[in-house]
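See structure below.
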Amino acid sequence: MKIVSGHFYGDNGKMKEYHYTGPVEHRFSPYSFNGGTVLAVAGEDFAIVASDTRLSEGYSIHSRDSPKCYKLTNTTVIGCSGFHGDCLTLTKIIDARLKMYKHSNNKSMTSGAIAAMLSTILYGRRFFPYYVYNIIGGLDEEGKGAVYSFDPVGSYQRDTYKAGGSASAMLQPLLDNQIGFKNMEGVQHLPLNQEKAVQLVKDVFISAAERDVYTGDALRICIVTKEGIKEETVPLRKD
Amino acid sequence: MALSSVLQSESADFSFNNDRSFSFGCRFGQTNLGFGAAPGDRLNFAIKASLGPDDKDGPERKIEFLHGTTTLAFKCWINFSVAERNHQRTASKATNFSSQEQLALLNQPAIPFVIIPQFQHGVIVAVDSRATAGAYIASQTVKKVIEINPYLLGTMAGGAADCSFWERLLARQCRVYELRNKERISVAAASKLLANMVYQYKGMGLSMGTMVCGWDKRGPGLYYVDSEGNRVCGDLFAVGSGSMYAYGVVDSGLRQDLSVEEACELGRRAIYQATYRDAYSGGQVNLYHVHSEGWTRVSQEDVLKLHHQYQEPKK
């Protein structure tokens with residue numbers, strides 16, 4: 001019986017370290033990971049979309065001022081993280097589709113409609129996906145805050161809060177506890193007001209910057225209310 | 001998670017083993033799915049050329065999957081006690097025949113003669129609500145039952161985007177059928193439409209295991225359709241990683257004479273037990289009941305609450 005093993009056995013019967021010194025095949029990858037974290041929270045009459053502004057690749061930082069929130073309409077902001085090339089193209093396509101809708105229907109797209117449209121745009125590339133994690137934050141038709149989170153191929157659902165991107169696995173549990181009151185016994189479920197939500201987002205990103213190499217430099221917060229979209233920039237760790 | 005993707009990013013591979021190595025590219029028209037995609041309903045997908053052997057990485061690895069899932073549906077026999085009472089009433093009127101009653105009967109309007117079958121079937125559909133991306137739980141509140149129209153339901157297992165996209169397309173096709181034929185589509189036809197749609201993409205990596213449940217002229221309908229091309233009719237199905245646990249519970253509790261309440265409780269218990277033992281299932285249990293008037297949402301309960309409900313009495 002032939003045993004295939006990645007290890008060579010030396011003279012004394014112990015395994016030698018595996019060092020492959022022959023030719024190695026390198027394949028071209030159309031994707032690269034540019035890092036970044038995005039977060040969105042929906043309140044009673046507001047929505048917050050926040051992202052860090054670091055653009056990295058491998059061990060380098062390409063830019064410290066590349067925010068990942070993009071304004072779509074007066075009531076909707078999208079946060080895209082993942083592969084920057086696909087983020088740019090996707091936002092261009094969404095902008096074009098928004099314009100087309102506005103011209104044919106004489107009104108702006110609602111947040112829910114944008115979310116449904118984005119799902120089909122993403123699924124159109126089911127076999128060569130856009131490597132983008134999207135989160136849409138905005139106001140729905142009734143003026144309430146709405147957050148829609150996506151996966152790279154278009155599966156989506158409406159949430160109250162969602163974190164996406166490189167530090168999402170660190171942030172999501174924190175949000176589950178602080179906004180969703182999960183795993184807490186006997187606490188009063190207070191609704192989130194705007195000031196507390198903004199402070200929570202800042203705290204949460206400071207934590208993410210501590211422990212995720214791809215998150216840092218600065219934090220861009222977009223607050224969507226019926227008055228419009230307000231932007232705020234907060235510095236983060238630059239290391 | 002971030003560090004591991006750096007180390008693996010040298011060799012990003014594509015899990016796409018296909019002979020069709022043509023690429024539609026990224027023309028603007030490609031992305032306009034639904035906008036002017038009407039002609040022939042041909043869906044154009046951009047396909048990347050296969051560049052080598054597979055190893056799920058990059059976005060492929062991080063796509064949300066509902067592999068971790070338990071969905072189940074079964075036809076149940078609802079006790080139609082009203083039918084029995086009717087039978088008894090007409091029977092007693094026939095046997096207790098006195099002259100007075102005869103007169104009374106003659107003066108009454110004619111009792112319509114209705115054949116009420118002994119049993120009326122319905123379909124109970126129960127699902128969990130967890131979506132995973134690798135070992136990360138992407139969401140605990142996914143709606144895995146898709147309401148195609150007021151009398152047809154579809155469940156989701158496999159790829160989240162695949163299921164929701166194709167079932168949404170199925171809803172559109174069902175509506176077109178209704179407009180063209182001026183009658184509702186049957187469950188058999190709806191499931192056939194879905195099966196034929198995904199069969200065209202067989203081998204290309206779609207992952208979908210769904211149950212089409214509904215009520216039509218022939219009574220309750222339950223079909224299992226998946227991306228491999230299977231389409232089977234049946235009385236009971238459980239789909240997903242937790243399906244084996246659910247089968248155990250349902251098979252042991254299923255009887256001919258279940259009432260609606262008992263059948264719902266059986267479905268709920270089966271999903272709960274599956275979430276208890278399967279790591280990839282969890283969240284909430286969503287229950288639907290399909291009957292002759294259409295479907296009704298029976299309940300949505302968190303598994304943690306069910307746990308206390310079922311485990312407390314044992315202590």
Side-chain angles (χ1 to χ4, degrees), chain A residues 25-33 35 37 57-59 82-83 86 89-90 93 96-97 100-101 104 116-117 119-133 149-160 162 165-170 172 176 182-183 211-215, chain B residues 1-3 5-6 9-14 16 18 20 23-26 28 30-35 37 43-49 51-52 57-60 62-66 131 133 136-143 156 159-166 168-169 201 204-206 304:
Chain A
E25 187 184 348
H26 291 276
R27 269 191 287 275
F28 168 70
S29 164
Y31 296 117
S32 91
F33 183 64
T37 309
E57 184 169 353
Y59 292 101
F83 170 45
D86 277 346
T89 308
L90 189 62
I93 289 174
R97 290 287 295 268
M100 283 155 55
Y101 183 97
S104 24
M117 177 185 76
S119 172
T120 46
I121 292 175
L122 292 171
Y123 200 82
R125 292 270 298 253
R126 169 66 177 81
F127 301 112
F128 185 8
Y130 287 110
Y131 185 3
V132 189
Y133 294 95
S149 62
F150 294 77
D151 80 338
V153 278
S155 154
Y156 79 106
Q157 61 170 54
R158 184 169 174 176
D159 291 310
T160 321
K162 188 80 178 180
S166 59
S168 60
M170 282 181 224
Q172 189 67 30
D176 281 334
K182 301 268 171 75
N183 301 111
R211 289 290 181 176
D212 179 31
V213 300
Y214 289 113
T215 306
Chain B
M1 200 168 116
L3 199 55
S5 53
V6 168
S9 67
E10 311 322 340
S11 60
D13 300 305
F14 309 101
F16 190 60
N18 201 302
R20 288 184 231 186
S23 152
F24 286 128
C26 187
F28 185 63
Q30 295 317 118
T31 56
N32 279 355
L33 213 60
F35 182 83
L43 293 169
N44 298 314
F45 285 107
I47 299 179
K48 66 189 172 217
L51 293 177
D57 197 39
E60 301 282 344
K62 297 176 175 100
I63 293 172
E64 265 175 36
F65 273 98
L66 303 178
Y136 177 65
I137 296 175
S139 171
Q140 292 268 59
T141 53
V142 179
K143 287 196 63 194
M156 288 213 272
D162 292 334
C163 291
S164 56
F165 180 85
W166 290 107
R168 199 168 156 219
L169 210 52
Y201 295 92
M204 291 170 70
L206 289 186
L304 189 58

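Keep in mind that what you see is a predicted model, and the values were worked out from it rather than measured. Chain letters run A, B, ... following the sequence lines, proteins first, then strands; residues in each count from 1.
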- Note on the structure: Turns out that what part of B:L304 lies under 4.5 Å from chain A's heavy atoms comes down to neither

- Nearest heavy-atom pair of A:Q172 and B:Y136: which atoms, and what distance? CB-OH, 3.2 Å

- Gap separating the CD atom of A:Q157 from the OG atom of B:S164, nearest 0.5 angstrom: 10.5 Å

- Message: Could you report the tightest heavy-atom contact between A:V153 and B:A161, atom names first, then the distance?
- Response: O-CB, 3.4 Å

- Message: Run the side-chain contact (heavy atoms from CB on, under 4.5 Å) test on B:Q140 and A:D176 for me, step by step, so that the C-alpha distance in whole Å, both residues' side-chain angles and the decisive distance to 0.1 Å come before the verdict.
- Response: CA-CA 11 Å; B:Q140 292 268 59; A:D176 281 334; over 6 Å; no

- Task: Specify the closest pair of heavy atoms between B:A160 and A:S155, including all atoms of both residues, with the distance to one decimal.
- Result: CB-OG, 3.3 Å

- Who are the salt bridge (charged side-chain N to carboxylate O under 4.0 Å, His left out) partners of B:K143, not counting sequence neighbours? B:E147

- Over 12 non-hydrogen atoms of neighbours within 6.0 angstrom of CZ in A:R158: yes

- Message: So does B:G205 get a backbone contact from the side chain of A:R126, meaning a donor-acceptor N/O pair under 3.5 Å?
- Response: yes

- Specify whether A:Y123 and B:W166 have parallel, tilted or perpendicular ring planes, treating 30° as the upper limit for parallel and 60° as the lower limit for perpendicular. perpendicular

